[in-house]
2 protein chains.
Amino acid sequence: MVQFVHPATKDITLAGVLSALADPARLQMVKAMIGQHDCMSCAAAAPCTMAKSTVSNHFRILREAGVVQTTKRGVEHRNVVREADIDARFPGLLKLILTHAEAG
Amino acid sequence: MVQFVHPATKDITLAGVLSALADPARLQMVKAMIGQHDCMSCAAAAPCTMAKSTVSNHFRILREAGVVQTTKRGVEHRNVVREADIDARFPGLLKLILTHAEAG
DNA sequence: TTCAATAGTCCCATACTTCCGAACTATTGA
DNA sequence: TCAATAGTTCGGAAGTATGGGACTATTGAA
C-alpha cells in the first residue's frame, strides 16, 4: 500500500528552499536522491555518521520546504525530489545549485 | 580615509552563500544593496524594525560568507555586494536567486 | 581642544535550533 | 505472535540568533 506521509505540502518558498539546501548534509542528500528516482532516506541518502533521529529531522525539513515528497511503502519511506514542482516555482534554481554542488 | 573592514575574506562557498541568503532579512538587504552601488548598511539596507546589533551581526555573516565587502568611510560603513566574485565562483547563482526574490 | 552626535561593534542574557540517544510506532516476514 | 527493520517523537545538551546596553571611532561644531 502506497500513501503520502504529508499529503498537504505547504507552498514552496525561496527562503524555504535556500535554507533547506544551505545545510551541507541536506544538500548532499538531495544530490544523492536526484540521481536515483526513488530512494530510501536513511540507507541511501544520508551519510552513515548521522544519527537516525537527525536524518529523520533533515527529511522533515526537506519535506516542509517542499523539496522532497515522501511516500510510505511498507516498512520504508521513499523520498523523491520534487524537481518539477520546484522548477515550476523557481525555474533553473535547483539545477543551478546542484551543478555548483557538484563542483564542490 | 578608505579602508577595508575585513581585508582577508575567506573563500566563497556554496553553503556559505546559500545560508547567507536563506535568511529573509539578509536576502532583503542584498536586494536593497544590489540596486545602488554603495550603501550604508543600517539606514539603507536593513528593515528599521531590527536592532542595530542584529543588523551588524547580519552584515558580519554576509561578509564572512563573502557576499558583501565593507569599506569604512568616515563614520559610516559602506557595503557592496561582491557580484563579480560570486559570479566567478558560482556563475548565474546570485542573479537567479535575486530574480526569484523579486517575484516571491 | 573638547564635546555631542552618529555609525557600528562587542558583550551578555535570553530564546530558539540542532543534534543525539532512547523510547515509541508501524509494517513485514518468519 | 514475535523479532527485525525503518522512521518518528521526546527530552536534554550544545550551539546559534536576537536585542539591549556599553563601548569605539570618526566627524563637525563650539
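Both backbone and side-chain heavy atoms feed into the values below; hydrogens, waters and symmetry mates do not. Quick note on labels: first sequence line is chain A, next is B, and so on, each numbered from 1.
Checking C:dG8, D:dT9, C:dC20 against the side-chain heavy atoms of A:Ala51 singles out C:dC20 as nearest. The side chain of B:Ser56 sits closest to C:dG8 out of D:dG19, C:dG8, D:dT9. Side chain of A:Lys72, nearest nucleotide from C:dT27, C:dG21, C:dA7: C:dT27. When each of D:dT5, D:dG19, D:dT18 is scored by its nearest atom to the side-chain atoms of B:His58, the top-ranked nucleotide is D:dT18.
The closest side-chain donor-acceptor pair between B:Arg63 and B:Thr70 falls under 3.5 angstrom.
Atom CG in B:Leu62 sits about 12 Å away from atom P in D:dA17, given to the nearest Å. Atom-to-atom, CE of A:Met50 to C1' of D:dT8 comes out at 17 Å; the value is rounded to the nearest Å. The interatomic distance linking B:Asn79 (CG) with C:dA7 (P) rounds to 14 Å, in whole Å. Following rounding to the nearest Å, B:Lys52 (NZ) and D:dG19 (C1') show an atom-to-atom distance of 12 Å. The distance from atom CZ of A:Arg78 to atom P of D:dA6 is 12 Å, rounded to the nearest whole Å. Counting to the nearest Å, the C1' atom of C:dA26 and the CD atom of A:Glu76 are 14 Å from each other. Straight-line distance from the CZ atom of B:Phe59 to the P atom of C:dC10: 15 Å, rounded to whole Å. Taking atom CG on B:Asn57 and atom C1' on C:dA7, their separation rounds to 16 Å, with Å as the unit.
Under the salt bridge (charged side-chain N to carboxylate O under 4.0 Å, His left out) criterion, B:Asp87 pairs with no residue, sequence neighbours left out.
Formation of a donor-acceptor pair under 3.5 Å by the A:Thr54 side chain with backbone atoms of A:Met50 is not found in this model. Although no hydrogens or angles enter the test, the distance criterion places a donor-acceptor pair under 3.5 Å between the side chain of B:Thr99 and the main chain of B:Lys95. The backbone N or O of B:Ala20 sits less than 3.5 Å from a side-chain atom of B:Arg26, completing a donor-acceptor pair. Judged by distance alone, with hydrogens and angles left aside, the side-chain atoms of B:Ser56 form no donor-acceptor pair with the main-chain N or O of B:Lys52 at under 3.5 Å.
Judged by closest nucleotide on DNA chain C, A:Thr54 is the one of A:Val75 and A:Thr54 placed further toward the 5' end.
Contact of the A:His77 side chain with the A:Thr71 side chain is not registered, since no non-hydrogen atoms from C-beta on lie closer than 4.5 Å.
Over its full length, the helix from C:dT1-D:dA30 to C:dA30-D:dT1 turns its helical axis through 10°, comparing axes from the five pairs at each end and rounding to 10°.
Scanning all heavy atoms of the two residues, the minimum distance from A:Gly66 to A:Ile12 falls at O-CD1, 3.7 Å. Closest of all the heavy-atom pairs between B:Ala25 and B:His58 is CB-NE2, 4.2 Å. The two atoms that bring A:Ala101 and A:Leu27 nearest to each other are CB-CD2, 3.8 Å, heavy atoms only.
Close to C:dT9, at under 4.0 Å from its OP1 or OP2, lies a side-chain N or O of B:Arg63. The shortest distance between the side-chain N/O atoms of B:His77 and the OP1/OP2 oxygens of D:dA25 is not below 4.0 Å. Side-chain nitrogen and oxygen atoms of A:Arg60 include none within less than 4.0 Å of the OP1 or OP2 phosphate oxygen of C:dT18.
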Letter per nucleotide, 5' to 3', of nucleotides 11-17 of chain C [B base touched, S only sugar-phosphate touched, - untouched; heavy atoms, 4.0 Å]: -------
